[in-house]
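Notes follow the structure.
From a predicted model like this one, the values you see are computed outputs, not experimental measurements.
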Amino acid sequence: MDLVRHLECFVAVAEESHFGRAAARLGMAQPPLSQRVQRLERHLGVRLFDRTSRQVTITEAGALLLPEAREVLARSEALMATARRIRDGETGLLRAALPPDISGDTVAALLAGFADAGRAGVELELHELPTAQQLERFAAHELDVGLIHHPCDVSGLELGPVLRRELGVLLPRGAAAAGLDEVPLASLTGYDLILFPRTGAPAVYDDLLTTCARNGYTPPAVRHAQGASFVRGLVLSAEAVSFSPRDAHGPGESGADPDEGLRRGPAAGVVWRPLTGAPLALRHSVAWPGGRGDAAVAAFAEAATRALRTTAGATPDLPSRPLHLRPASEYWL
């Protein structure tokens, strides 16, 4: 028996004191209404109404049960309203992730944009995860939305707009190429390369090395690091270079002086320079499981896209090749 529906009939008859008016209020015929009230009486084991040919009067038992019935209906409606908000992404928990290379300014802008979207009822659980771990969590249904690097395997995912952040090179201030306004990749010959661990985004890793090789730069060795301070320490002491976007270097993103943010503290001995022809770039898009996007996911995607454009100088990308993972890498280590 649908208890909520039967209680609605009981409350309507009690408030109208008339089966005909109660039936009209509920949008149903009178005989089914009478049958539901009788079924409820049998189910509860008490008589709810005294009926005559002229009037319907609620019994003492019915009067005692009426407040309880109204409370059950109110709780039922509240439950359904909460379920609708969860379904529509207006409340609940949103599990989201960003890759480690996203700057603090971009993270702050994303969080502010998400808050401004009016999702006060949504708890945002934000993780720092490389693309490979995000894909694993998507597959395990442990992540609702994330910002991923391309190329990667995006089967089963829906994607937001793909954005491009051009990479420059971080190199020792004393390097010959440091005096150039733009650095050709081939001029880095002889320097080791510092890259993020391959397990974090294998296809992106291979893509970067392939592009370097095609442009005349094959590093003698590839060292692995992620933290900005550790990377700069290796650049300073190990005759190595690293690729990074302009927005990773503070004031350099304004274009006024690319070195200004690197002349203070322990990083004073390194400089950032753009690469000639902009051959290297990070490509991002927000991703979420197919068919599972809701208002909260859309708000996160919009906030992330806007934050990348405004704080990281990201631009729309029109890829010359598919974003899907290639069957095999062109570059072998």
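At a threshold of 4.5 Å between side-chain heavy atoms, the hydrophobic network of Ile, Leu, Val, Met, Phe, Trp and Tyr places F10 and M28 in one connected group. Linking Ile, Leu, Val, Met, Phe, Trp and Tyr whenever their side-chain heavy atoms come within less than 4.5 Å puts L94 and I102 in one cluster. Hydrophobic cluster membership is shared by V241 and L208, with clusters built from Ile, Leu, Val, Met, Phe, Trp and Tyr side chains linked at under 4.5 angstrom. Both V4 and L40 are part of a single hydrophobic cluster, where members link through side-chain heavy atoms under 4.5 Å apart. V56 is not connected to L64 by any chain of hydrophobic side-chain contacts under 4.5 Å among Ile, Leu, Val, Met, Phe, Trp and Tyr, and they are in different clusters.
Pairing each heavy atom of G190 with each of P220, the nearest pair is O-CG, 3.8 Å. Pairing each heavy atom of F138 with each of L143, the nearest pair is CD2-O, 3.5 Å. Residue S187 comes nearest to P184 through the heavy atom pair OG-O, 2.6 Å, listed as atom of the first residue, atom of the second, then distance. Across all non-hydrogen atoms, the minimal contact from F230 to H224 is CE2-O, 4.2 Å. Here the closest non-hydrogen pair linking V204 and P151 is CG2-O, 3.8 Å. A pairwise comparison of heavy atoms in A225 and I194 identifies CB-CG2, 3.8 Å as the closest pair.
Residue pairs that meet the salt bridge (charged side-chain N to carboxylate O under 4.0 Å, His left out) test with at least one member in residues 178-196, sequence neighbours left out, are D192-R223. Listed by first and then second residue, the ring-ring contact (aromatic ring centres under 6.0 Å, His included) pairs involving residues 175-197 are F196-Y205 (not counting sequence neighbours).
D144 contributes a side-chain N or O that, together with a main-chain N or O of R95, makes up a donor-acceptor pair within less than 3.5 Å. A donor-acceptor pair under 3.5 Å is absent between the side-chain atoms of T189 and the main chain of Y217, judged by distance alone. Side-chain N or O atoms of T211 include none that pairs as donor or acceptor with a backbone N or O of L280 at under 3.5 Å. In terms of modelled atom types and a separation under 3.5 Å, the side chain of S76 and the main chain of V72 share no donor-acceptor contact. Under a 3.5 Å cut-off, the side chain of R36 and the backbone N or O of R5 do not form any donor-acceptor pair.
Within a 6.0 Å sphere centred on CD of E16, heavy atoms belonging to other residues, nucleotides or ligands number more than 12. Around CZ of R75, the count of heavy atoms belonging to other residues, nucleotides or ligands within 6.0 Å does not exceed 12. Annotation for E239: atom CD does not count as buried by contact number, only 12 or fewer foreign heavy atoms lying within 6.0 Å.
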Could you list the donor-acceptor pairs under 3.5 angstrom formed between side-chain atoms of residues 158-165 and any protein atom two or more places apart in sequence or on another chain?
from : atom 1 : to   : atom 2 : distance (Å)
E158 : OE1    : W288 : NE1    : 3.4
E158 : OE2    : G291 : N      : 2.6
R164 : NH2    : A278 : O      : 2.8
R165 : NE     : D247 : OD1    : 3.4
R165 : NH1    : D101 : OD1    : 2.8
R165 : NH1    : H284 : NE2    : 2.9
R165 : NH2    : D247 : OD1    : 3.2
R165 : NH2    : D247 : OD2    : 3.0

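The structure places CZ of R70 at 12.0 Å from CG of L65, a figure rounded to the nearest 0.5 Å. The distance from the CG atom of N215 to the CG atom of L275 is 9.0 Å, given to the nearest 0.5 Å. With rounding to the nearest 0.5 Å, the separation of SG in C152 from CG in L135 is 5.0 Å. Here E41 contributes atom CD and H6 contributes atom NE2; the two are 11.0 Å apart, rounded to the nearest 0.5 Å. With values rounded to the nearest 0.5 angstrom, S242 atom OG is found 7.0 Å from L195 atom CG. The CG atom of L188 lies 8.5 Å from the CG atom of L193; values are rounded to the nearest 0.5 Å.
At least one side-chain heavy atom of F114 sits under 4.5 Å from a side-chain heavy atom of V122. Contact annotation: the side chain of L171 approaches that of V271 to within less than 4.5 Å [non-hydrogen atoms, C-beta and beyond]. Contact check for S17 versus Q55: no side-chain heavy atoms found under the 4.5 Å cut-off. Counting only heavy atoms from C-beta outward, the side chains of P99 and Q134 approach each other to under 4.5 Å. Residues R273 and L180 are not in side-chain contact: their nearest non-hydrogen atoms beyond the backbone lie 4.5 Å or more apart. A 4.5 Å side-chain heavy-atom check between R198 and D206 finds at least one atom pair inside the cut-off.
Applying the ring pair (Phe, Tyr, Trp, His ring centres under 6.0 Å) criterion to H127, with sequence neighbours excluded, gives no partner residue. Not counting sequence neighbours, R309 has no partner by the salt bridge (charged side-chain N to carboxylate O under 4.0 Å, His left out) test. For R137, there are no salt bridge (charged side-chain N to carboxylate O under 4.0 Å, His left out) partners two or more places apart in sequence or in a different chain.
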message: For a side-chain contact (heavy atoms from CB on, under 4.5 Å) check, start with the C-alpha distance between L66 and V11, then their side-chain angles and the critical distance, and finish with the verdict.
response: CA-CA 7 Å; L66 183 59; V11 171; 4.0 Å; yes
- request: For the pair D116 and R306, evaluate side-chain contact (heavy atoms from CB on, under 4.5 Å) and give the outcome as yes or no after the intermediate values.
  value: CA-CA 12 Å; D116 290 343; R306 185 184 302 113; over 6 Å; no
query: Would D105 and S103 count as a side chain to side chain donor-acceptor pair (under 3.5 Å) if you check the C-alpha gap in whole Å, the side-chain angles of each, and the deciding distance to 0.1 Å?
result: CA-CA 5 Å; D105 288 344; S103 72; 5.3 Å; no
message: Between I148 and S285, is the side-chain contact (heavy atoms from CB on, under 4.5 Å) condition met? List the steps.
response: CA-CA 6 Å; I148 60 174; S285 72; 4.3 Å; yes
query: Would L126 and L111 satisfy side-chain contact (heavy atoms from CB on, under 4.5 Å), going step by step from the backbone distance to the final call?
result: CA-CA 10 Å; L126 190 59; L111 293 175; 4.0 Å; yes
